[in-house]
Amino acid sequence: MNDDQLSRYSRHLLLPEIDIAGQETLLRSRALVVGLGGLGSPIAMYLAASGVGTLVLCDHDRVELSNLQRQILHTTSDISRLKTASAYDTLAALNPEIKLIAPPRKLEGEELLYETTQADVVIDASDNFATRYALNAACIAARKPLVSGSALRTQGQVTVFRADKHSSPCYHCLYPDEGHHEENCAQSGVFAPLLGIIGSIQAAEALKILLGLNDSLWGRLLRVDARDMTFRSVRFQADPHCPVCAKTASLASEGLEAHGASG
């Protein structure tokens, strides 16, 4: 590490859980962030500030005025720009030392599987079940950890799936895809700081995975209610009959799609 890095990451270096060795691990790491909206904003900013060496940013949407209540990666001057372009500028200004890859399109098929395979951790900050299921399947196929979060109204939740570990539950175990009634922020609203809370927890879980720290939300669903500021943790297990993770060998890239739309 050079002198500038020692100064930039000095508060991390003081932590025994990180120290110089851990920070150097972060600098060598690669994270895939899908969704650059309300959740993806704090996630991407904390990963960039923390020195995760390569960030792959996925979102095909453009910035709208209604986004700015909660999507802190973007500003008024970014309206109508691609979110990937806006995010790139913000994160490059925050930490010019890291590498940013921001394809202005959906990741699907072989490209999604490739980016998942290249990543050390995948973070789902999307707002739709199709993307969540696609990322889940890709992470299982590539045996990569997935940090999942969502938020609506005043409630949110976070969990971690470890396809790289034996007998880990997957997103499909927790939410079988059977007739979901999909709601989003545009229909139901969302309390702006809640997205910062959930996104920050996702960033923390991703950093802990990269650092090899064992205490995480793997196998636990953390539910947050910002209205009365309560946190509740619920354990869950793998479904032995899950059609996705119970049949890992049969997974292929065909049909996988990450839309990257974000709350």
note = Between P42 and G196 the two heavy atoms that sit nearest each other are CG-CA, 4.1 Å
inquiry  = Quick check for you: to the nearest 0.5 Å, what is the distance between H60 atom NE2 and R105 atom CZ?
reply    = 13.0 Å
ask   = Counting only N and O atoms by type, is there a donor-acceptor contact under 3.5 Å from the side chain of S86 to the main-chain atoms of K83?
value = no
task = Decide yes or no for P103 and I101: does some side-chain heavy atom of the first lie under 4.5 Å from some side-chain heavy atom of the second?
result = yes
inquiry  = Keeping D59 on the side-chain end and T84 on the backbone end, is there a donor-acceptor pair under 3.5 Å?
reply    = no
ask   = Side-chain contact, heavy-atom cut-off 4.5 Å: L82 with V63?
value = no
inquiry  = So, taking the atom named CE in M229 and the one named OG1 in T154, what distance separates them when rounded to the nearest 0.5 Å?
reply    = 9.5 Å
request  = Could you tell me whether the side chain of F161 reaches within less than 4.5 Å of the side chain of C139, counting heavy atoms only?
outcome  = no
remark   = For R162 and V160, the nearest pair of non-hydrogen atoms, with its separation, is CD-CG1, 3.7 Å
request  = Give a yes or no on whether the backbone of S7 and the side-chain of R11 come within a donor-acceptor separation of less than 3.5 Å.
outcome  = no
query = Linking I/L/V/M/F/W/Y whenever their side-chain heavy atoms sit closer than 4.5 Å, directly or via other members, would I123 and L222 fall into one cluster?
reply = yes
query = Is L211 reachable from L15 through a run of I, L, V, M, F, W or Y residues, each pair having side-chain heavy atoms under 4.5 Å apart?
reply = yes
task = Mark yes or no for whether D120, through its side chain, and A31, through its backbone, hold a donor-acceptor pair below 3.5 Å.
result = no
inquiry  = Between E115 and R30, does any NZ, NE, NH1 or NH2 come within less than 4.0 Å of an OD or OE carboxylate oxygen?
reply    = yes
task = Output, in order, the C-alpha distance, side-chain angles, deciding distance and verdict of side chain to side chain contact (heavy atoms under 4.5 Å, CB included) for H12 and L26.
result = CA-CA 11 Å; H12 265 180; L26 293 180; 4.2 Å; yes
remark   = In short, I198 meets G149 closest at the heavy-atom pair CG2-CA, 4.3 Å
ask   = Between atom CD of Q202 and atom CG of L146, what is the distance when rounded to the nearest 0.5 Å?
value = 9.0 Å
query = Are side-chain heavy atoms of D124 and V147 found at a separation under 4.5 Å?
reply = no
R227 CZ: over 12 foreign heavy atoms closer than 6.0 Å = no
query = For A138, does its backbone N or O pair with a side-chain atom of T116 as donor and acceptor, under 3.5 Å?
reply = no
Hydrophobic cluster identity match, I18 and Y9, side-chain contacts under 4.5 Å = no
key: SB check E111 K106 (cutoff 4.0 Å)   = no
ask   = So if you build clusters from Ile, Leu, Val, Met, Phe, Trp, Tyr with side-chain heavy-atom gaps below 4.5 Å, do L14 and I20 land together?
value = no
query = Got N95 and R8 here, is their nearest side-chain heavy-atom distance under 4.5 Å?
reply = yes
note = On a heavy-atom basis, the closest approach of A151 and L194 is CB-CD2, 3.9 Å
inquiry  = For a 4.5 angstrom cut-off between non-hydrogen side-chain atoms, does L27 reach Q5?
reply    = yes
task = Taking atom CZ of F236 as the centre, report whether more than 12 heavy atoms of other residues, nucleotides or ligands fall under 6.0 Å from it.
result = yes
request  = Flag the pair C245 / S168 as yes when at least one side-chain heavy-atom distance between them is below 4.5 Å, and no otherwise.
outcome  = no
query = Is the backbone N or O of V52 less than 3.5 Å from a side-chain atom of S50, with the two atoms forming a donor-acceptor pair by type?
reply = no
key: Nearest-0.5 Å distance, CG of residue L57 to CD1 of residue I43   = 11.0 Å
Lys/Arg-Asp/Glu bridge criterion (N-O < 4.0 Å) met for D89, R81 = yes
remark   = On a heavy-atom basis, the closest approach of G199 and L39 is N-CD2, 3.8 Å
key: Side-chain (H74) to main-chain (E64) donor-acceptor, under 3.5 angstrom   = no
task = Look at the aromatic rings of Y133 and H172 and report parallel, tilted or perpendicular, splitting at 30° and 60°.
result = tilted
request  = Report the C-alpha separation of V190 and L195 in whole Å, then their side-chain angles, then the decisive distance to 0.1 Å, and conclude whether the side chain to side chain contact (heavy atoms under 4.5 Å, CB included) test is met.
outcome  = CA-CA 8 Å; V190 67; L195 292 152; 3.7 Å; yes
inquiry  = Does N2, at its CG atom, have more than 12 non-hydrogen atoms belonging to other residues, nucleotides or ligands within less than 6.0 Å?
reply    = yes
request  = Say whether D78 and T75, considering side chains only, have a donor N or O and an acceptor N or O under 3.5 Å apart.
outcome  = yes
request  = Look up atom CG in N67 and atom CG in L36, then write down how far apart they are to the nearest 0.5 Å.
outcome  = 11.0 Å
request  = Please assess Q155 against R223 for the test side chain to side chain contact (heavy atoms under 4.5 Å, CB included), listing each intermediate value before the final yes or no.
outcome  = CA-CA 7 Å; Q155 298 180 330; R223 291 174 171 164; over 6 Å; no
key: Any Q23 side-chain heavy atom under 4.5 Å of T25 side chain   = no
ask   = Where the side chain of E205 meets the backbone of L217, is there a donor-acceptor pair that is under 3.5 Å apart?
value = yes
key: Audit row: I98, T54, side chain to side chain contact (heavy atoms under 4.5 Å, CB included) steps and yes/no   = CA-CA 6 Å; I98 65 173; T54 301; over 6 Å; no
request  = Might you confirm whether atom CD of Q69 has over 12 heavy atoms from other residues, nucleotides or ligands at distances under 6.0 Å?
outcome  = yes
key: N128 and S126: side chain donor to acceptor below 3.5 Å   = no
task = Can you see which heavy atom on A48 is nearest to which on L94, and at what distance?
result = CB-CD2, 4.2 Å
key: Within one Ile-Leu-Val-Met-Phe-Trp-Tyr cluster: V234 and Y175, side-chain cutoff 4.5 Å   = no
inquiry  = Is it true that S80 and R62 share a donor-acceptor pair across their side chains at a distance under 3.5 Å?
reply    = no
key: Interatomic spacing from CZ in R132 to CG in D127 - rounded to 0.5 Å   = 6.5 Å
